[in-house]
Amino acid sequence: MFVHDGVWMQRIVSALVVIVVGGLLTVTAFLMVKNWEKEAVESALIRNSIVGAYSLKIQMEQHLLLTRSLEGLFASSEHVSREEFNRFGDALLDNTDNVIGVGWLPRVSLAERETYERELGEIVGGQKGIWERNASGEPSNAGVREEYFPLYFATPFDVSKKVFGFDFLSSPTAVEAMTLARDTGELTVTDEIRPAIGGRQQSRILTFMPYYENGVFPQDLDDRRKGLQGFVIGSHQIDNIMDSSLSASGGEGVNYYLYDGTLPDRRKFLYAYGRGNNHAPVAMADLLRSGGHHVVPIEVGNRKWDLVAEATPEFVAIKSSWRPSIALLIGTLFTLLLAAFIDKITTSSLRAKLLATQEGKVRQQAETALAEQHHTELALRESERKFRMIFNNSYELIGLLGLDGTLLDANDTSLEFAGCSKSEVLNRPFWETAWWSHSPELQEQLRTAIDQAATGKMVKFETTHPAENGREYTVDFSISPLFDEQGQVVLLIPEGRDITERKEMEQKLQSSENDLRMLIDQSPIGLTLCTLDGNIVQANPAYARITGYSSDEILQLSIGEITPKKYTDQEQHKIDQLLTTGRFGPYEKEYRHKAGHLVPGRVNGRLI
């Protein structure tokens with residue numbers, strides 16, 4: 001009895017040691033894989049938020065460039081007529097979406113008010129003076145004050161007709177941005193405004209670009225305030241801008257929230273975007289408190305916006321996998337099998353000691369060993385069943401090939417993708433199956449890849465697979481060799497991952513950059529990008545026409561080579577001013593035309 005109890009005690013101790021150690025290792029592996037997946041989800045959210053912020057930034061820069069281009073129209077002309085303004089403004093609006101309108105606000109003194117009101121009446125018909133909104137929000141004649149900034153030019157006319165003559169100096173929101181623009185000479189952006197349009201609130205911002213007397217930026221603050229002639233104004237629709245930019249950036253399963261953080265103690269909710277998002281205002285502090293968010297700051301003129309990306313359960317599910325569960329399952333199975341193996345060794349060792357005295361017990365232990373072996377086989381079969389279940393439920397397209405390229409197995413995901421059954425594809429050359437039969441070129445590339453993988457090399461390339469719905473998807477495809485214990489290749493594992501959405505997102509980003517390039521190339525104002533020592537790096541067609549050179553010729557020259565020597569000291573002074581203030585001009589100079597004559601021009605410069 002003592003010997004029998006001792007045998008069981010040793011077996012229990014051995015099994016407990018294996019189970020405890022194996023359990024700890026299994027839990028550790030599970031937590032490590034789980035943490036890795038969590039970091040992968042966070043990394044994916046960061047990538048999506050950066051792409052979304054970049055797309056939104058590009059669209060807003062296009063809108064700000066539109067307002068700056070209109071200021072350039074005034075700076076390059078001694079007098080801008082209403083027809084010239086409308087023609088130039090309409091050309092810019094045709095190339096930029098989600099702009100409600102653009103206009104010109106002249107600086108009107110009290111003495112000039114009657115003249116301007118008479119002209120406004122002729123434009124819109126009837127008695128149309130300079131007006132403002134009273135305390136109840138109703139239109140009324142503007143009060144008596146030293147000066148006014150009424151809407152005098154505007155396009156499109158049908159959208160702007162109702163607000164012609166409105167004095168923006170009566171709007172506190174506009175005054176804040178106008179004052180900052182006047183004193184700095186920079187383009188400024190207002191806080192959000194929400195006028196009621198068609199019974200609903202639309203989120204808008206206004207942009208103001210100051211224009212000074214003779215188009216020259218005064219260096220002294222008092223001179224800037226005295227020399228201000230008016231503002232170029234733009235009206236932009238935030239909700240449509242955000243919808244179009246973020247829809248083009250991808251990010252399935254991500255909600256976006258936009259806040260104006262120009263004043264951190266008064267951070268303001270602007271707009272929300274995302275599938276299932278009800279667009280209801282929510283405080284940024286409350287949003288971040290729940291976790292699963294990433295914040296990307298965006299500077300838009302003088303405003304500081306924050307774009308908050310939120311990972312939805314759908315996003316987390318897309319980025320998650322069965323890996324933690326697989327690690328836990330494999331660890332558990334390995335621990336159980338190792339425990340059974342150790343138990344078997346322990347049993348065999350003790351059985352030899354008991355053989356001399358207890359033959360009957362030896363026979364009994366032999367039967368027990370057979371029973372345990374049977375249990376082990378059942379466990380192995382169960383392990384195979386669970387592996388098959390994991391194999392078939394993977395999100396990736398996975399198969400198994402012989403060294404000659406014969407398809408031996410394919411998981412359910414790949415079969416459902418192509419809309420075929422195992423009987424249609426198994427035991428056939430892989431390149432003749434539904435995933436490859438649409439392209440002879442891809443079939444030949446696959447056969448070459450199989451030959452290379454059979455020699456022990458891992459082969460990877462991008463391809464296309466036709467789905468059951470008839471659409472072709474872009475797939476990141478690879479073939480990996482599987483080695484036996486002697487290092488010989490025995491099988492090949494083909495894998496495919498759908499990257500169609502990523503490729504489409506890259507194409508949309510490229511399209512956005514092309515649109516910005518087209519806006520620069522079509523500008524009627526000469527634009528050039530130079531190094532600090534004057535070498536011309538980039539120039540638009542308008543600049544090439546001014547100097548008489550072709551687009552290729554102008555890139556081989558420097559500013560000094562097309563500028564008369566009498567401007568050398570003045571040019572150096574402007575470079576010093578650029579390094580000190582970040583800008584210079586406008587000022588007048590002459591260029592040496594390719595034909596030899598001099599061309600007068602007015603020049604502005606900014607440091608990038």
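No experiment lies behind these values; they were computed from the predicted model shown.
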Partners passing side chain to side chain contact (heavy atoms under 4.5 Å, CB included) against Ile554 (at least two apart in sequence or in another chain): Ile536, Ala539, Tyr543, Thr547, Tyr549, Leu557, Ile562
Contacts of type side chain to side chain contact (heavy atoms under 4.5 Å, CB included), residue Ser109, not counting sequence neighbours: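 Side chain to side chain contact (heavy atoms under 4.5 Å, CB included) list for Ser109, sorted by chain: Ala111, Glu112.
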Within the 4.5 Å heavy-atom criterion, are [X] and [Y] side-chain neighbours or not?
X: Tyr273; Y: Asn255; result: no
X: Phe231; Y: Met209; result: no
X: Leu246; Y: Ser55; result: no
X: Arg583; Y: Leu607; result: no
X: Phe208; Y: Thr190; result: yes
X: Glu84; Y: Ser77; result: yes
X: Asp260; Y: Asp191; result: yes
X: Pro524; Y: Phe88; result: yes

Indicate yes or no: does [X] engage [Y] in a salt bridge with an N to O separation below 4.0 Å.
X: Glu117; Y: Arg113; answer: yes
X: Arg107; Y: Glu147; answer: yes
X: Glu561; Y: Arg592; answer: no
X: Glu504; Y: Lys508; answer: no
X: Glu553; Y: Lys594; answer: yes
X: Arg606; Y: Glu186; answer: yes

Partner of Phe85 under ring-ring contact (aromatic ring centres under 6.0 Å, His included), chosen from Phe153, Trp104, Tyr152: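 It is Phe153; the other options fail the test.
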Residues two or more places apart in sequence or in another chain: which of them pass salt bridge (Lys or Arg N to Asp or Glu O under 4.0 Å) with [X]?
X: Arg502; answer: Glu462, Glu506
X: Lys566; answer: Glu590
X: Glu472; answer: none
X: Lys574; answer: none

Do [X] and [Y] pair up side chain to side chain, a donor and an acceptor below 3.5 Å, judged on atom types alone?
X: Thr155; Y: Asp90; answer: yes
X: Glu310; Y: Tyr257; answer: yes
X: Asp552; Y: Gln556; answer: no
X: Asp243; Y: Tyr271; answer: yes

Of all pairs that satisfy side-chain hydrogen bond (donor to acceptor under 3.5 Å, both in side chains), the ones with a partner from residues 212-234, not counting sequence neighbours: Asp183-Arg225
Sequence neighbours excluded - side-chain hydrogen bond (donor to acceptor under 3.5 Å, both in side chains) pairs with any residue from residues 135-145: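 Sorted result for residues 135-145: Glu132-Arg145, Asn134-Ser136, Arg145-Asp167.
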Audit row: Arg87, Glu83, salt bridge (Lys or Arg N to Asp or Glu O under 4.0 Å) steps and yes/no: CA-CA 6 Å; Arg87 184 170 59 255; Glu83 292 74 16; over 6 Å; no
Listed partners of [X] passing ring-ring contact (aromatic ring centres under 6.0 Å, His included), at least two apart:
X: Trp131; result: Phe166
X: His593; result: His597
X: His63; result: His236
X: Tyr211; result: Phe74

ring-ring contact (aromatic ring centres under 6.0 Å, His included) between Phe164 and Phe157, worked out: CA-CA 9 Å; Phe164 265 98; Phe157 182 78; 5.6 Å; yes
Heavy atoms from other residues, nucleotides or ligands near NZ of Lys304 exceed 12 (cutoff 6.0 Å):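 No.
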Atom CD of Glu114 with >12 non-hydrogen neighbours under 6.0 angstrom: no
Cation-pi, Tyr473 ring and Arg471 (6.0 angstrom, 45 degrees): yes
Pi-cation contact, Tyr591 with Lys589 (under 6.0 Å, within 45°):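 The answer is yes; both the distance and angle limits are met.
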Reported CG-to-OG distance for the pair Leu92 and Ser523, which is rounded to 0.5 angstrom: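 One gets 7.5 Å once the value is rounded to the nearest 0.5 Å.
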OG1 on Thr207 to CZ on Arg68, rounded to 0.5 Å: 9.5 Å
From CA spacing to verdict: side-chain contact (heavy atoms from CB on, under 4.5 Å), Ile546, Val599: CA-CA 7 Å; Ile546 291 173; Val599 179; 4.1 Å; yes
Derivation of the side-chain hydrogen bond (donor to acceptor under 3.5 Å, both in side chains) call for Gln59 and Ser244: CA-CA 9 Å; Gln59 283 231 16; Ser244 63; 3.1 Å; yes
